[in-house]
Amino acid sequence: MTGLAALFGLTALLYAAVGFGGGSTYTALLLLGGVAVGLVPAISLACNVIVVSGGTFRFARSGAMPWAKTLPLVAIAAPLAFLGGLTPVKQGVLVVLLGLSLLVSAVALLIQPQTAKPVQLPARLLLPIAAALGFLAGVVGIGGGIFLAPILHLIRWAEARTVAATASLFILVNSLFGLTGQLLKGKGSEMIGAVASHWPLLVAVLIGGAIGTQLAVKSGPAALIRRLTAVLVGVVAIRLLFGF
């Protein structure tokens, strides 16, 4: 588990530095590492919670969290994340869903929507999008922020720091609700024990996430980090989808 923990720590560092949790990559690495598919989403969501908690707290304490605009997105996504966590998924279906999600994640990391031409998106469509991302978060073990943030940038929903704060809270709440659903689906105490048995991974993301958050705070080479992370995500997606 030492090698997997090192990869988890690196993933947490990279994702925290660009404002995300890393759940999609944790899930992919767990599947590639041969972890039982029933455990994968719960472990990924637990790691997500650890990584984004610090960033969310900092955003809230600094007054950067746009509560009035963010809470409706979170409120509609959270119950769907819980439902997604309760939904049984066969391994083959999970792998396909994850592989496709990772490909989209890689693209989302590579593009720079902050500088792209704004697009017109009816406000009524944003809530259904948030709901769909919440359900996906619960099913495959991601938070959804990596998909939500580019959309918010493209529609000029808010300035970059505000979008990052929104994505952070979105990931945290979805991960908490999705994890709750996963634990209930997995007979509670048995699932908790199974997740706890992977404690080196949890410790690794705690350390990596803390370092990554500091890089973000100190305005590190965000563009380079995004590209490196996109390569990592893309490679894992191709391996999942095509068995390389």
Side-chain angles (χ1 to χ4, degrees), residues 1-30 32-33 43-62 64-65 101-102 104-114 137 141-150 152-153 159-176 178-179 198-237:
M1 194 179 292
T2 302
L4 191 59
L7 289 174
F8 265 54
L10 176 61
T11 297
L13 187 156
L14 293 172
Y15 274 88
V18 295
F20 300 124
S24 53
T25 302
Y26 304 141
T27 304
L29 292 173
L30 289 167
L32 293 174
I43 296 172
S44 298
L45 290 168
C47 290
N48 248 7
V49 171
I50 292 171
V51 173
V52 299
S53 292
T56 301
F57 175 75
R58 286 186 177 88
F59 282 126
R61 186 176 62 178
S62 68
M65 187 69 68
S101 299
L102 289 176
V104 177
S105 300
V107 173
L109 285 165
L110 286 173
I111 64 175
Q112 296 295 321
Q114 300 97 318
I142 63 173
I146 198 169
F147 304 122
L148 180 67
L152 297 182
H153 281 304
E159 55 90 20
R161 180 172 172 79
T162 302
V163 169
T166 296
S168 181
L169 181 62
F170 191 79
I171 293 169
L172 177 60
V173 175
N174 281 344
S175 297
L176 285 170
L179 178 59
H198 290 76
W199 63 266
L201 306 182
L202 305 181
V203 173
V205 300
L206 176 64
I207 297 172
I211 296 172
T213 299
Q214 290 303 312
L215 287 176
V217 170
K218 295 180 180 180
S219 301
L224 176 60
I225 292 172
R226 281 179 178 272
R227 285 193 289 268
L228 290 174
T229 307
V231 171
L232 171 64
V233 171
V235 168
V236 174

Non-hydrogen atoms of G22 and T11 that approach each other most closely: O-CG2, 4.1 Å
Tightest non-hydrogen contact, residues S44 and G141, listed as CB-O, 3.2 Å
Shortest non-hydrogen pair, A12 vs G209, comes out as CB-N, 3.6 Å
Given S53, which partner from the list L172, L176, I171, L206 fulfils the side-chain contact (heavy atoms from CB on, under 4.5 Å) test? L172
Roughly how far, to the nearest 0.5 Å, is CG of L4 from CG of L201? 5.0 Å
Would you say the side chain of Y15 lies within less than 4.5 Å of the side chain of V51, judging by non-hydrogen atoms? no
Applying side chain to side chain contact (heavy atoms under 4.5 Å, CB included), name anything that partners A237, two or more places apart in sequence or on another chain. L102, L103
From OG1 (T25) to CD1 (I142), nearest 0.5 Å: 10.0 Å
Interatomic spacing from CE in M65 to OG1 in T162 - rounded to 0.5 Å: 9.5 Å
Would N48 and Y26 count as a side chain to side chain contact (heavy atoms under 4.5 Å, CB included) here? Give the steps. CA-CA 9 Å; N48 248 7; Y26 304 141; 4.0 Å; yes
If you compare all heavy atoms of A204 against all heavy atoms of A5, which two are closest, and at what distance to 0.1 Å? CB-O, 3.2 Å
Where L148 and T166 come nearest, the two heavy atoms and their spacing: CD2-CG2, 4.4 Å
Rounded to the nearest 0.5 Å, what separation is found between the OG1 atom of T2 and the CG atom of L7? 11.0 Å
Looking only at non-hydrogen atoms, find the nearest pair between G143 and N174 and report the distance. O-ND2, 2.9 Å
Quick one: does F8's side chain get under 4.5 Å of L30's, heavy atoms only? yes
Sequence neighbours excluded, which residues qualify as side chain to side chain contact (heavy atoms under 4.5 Å, CB included) partners of V107? I111
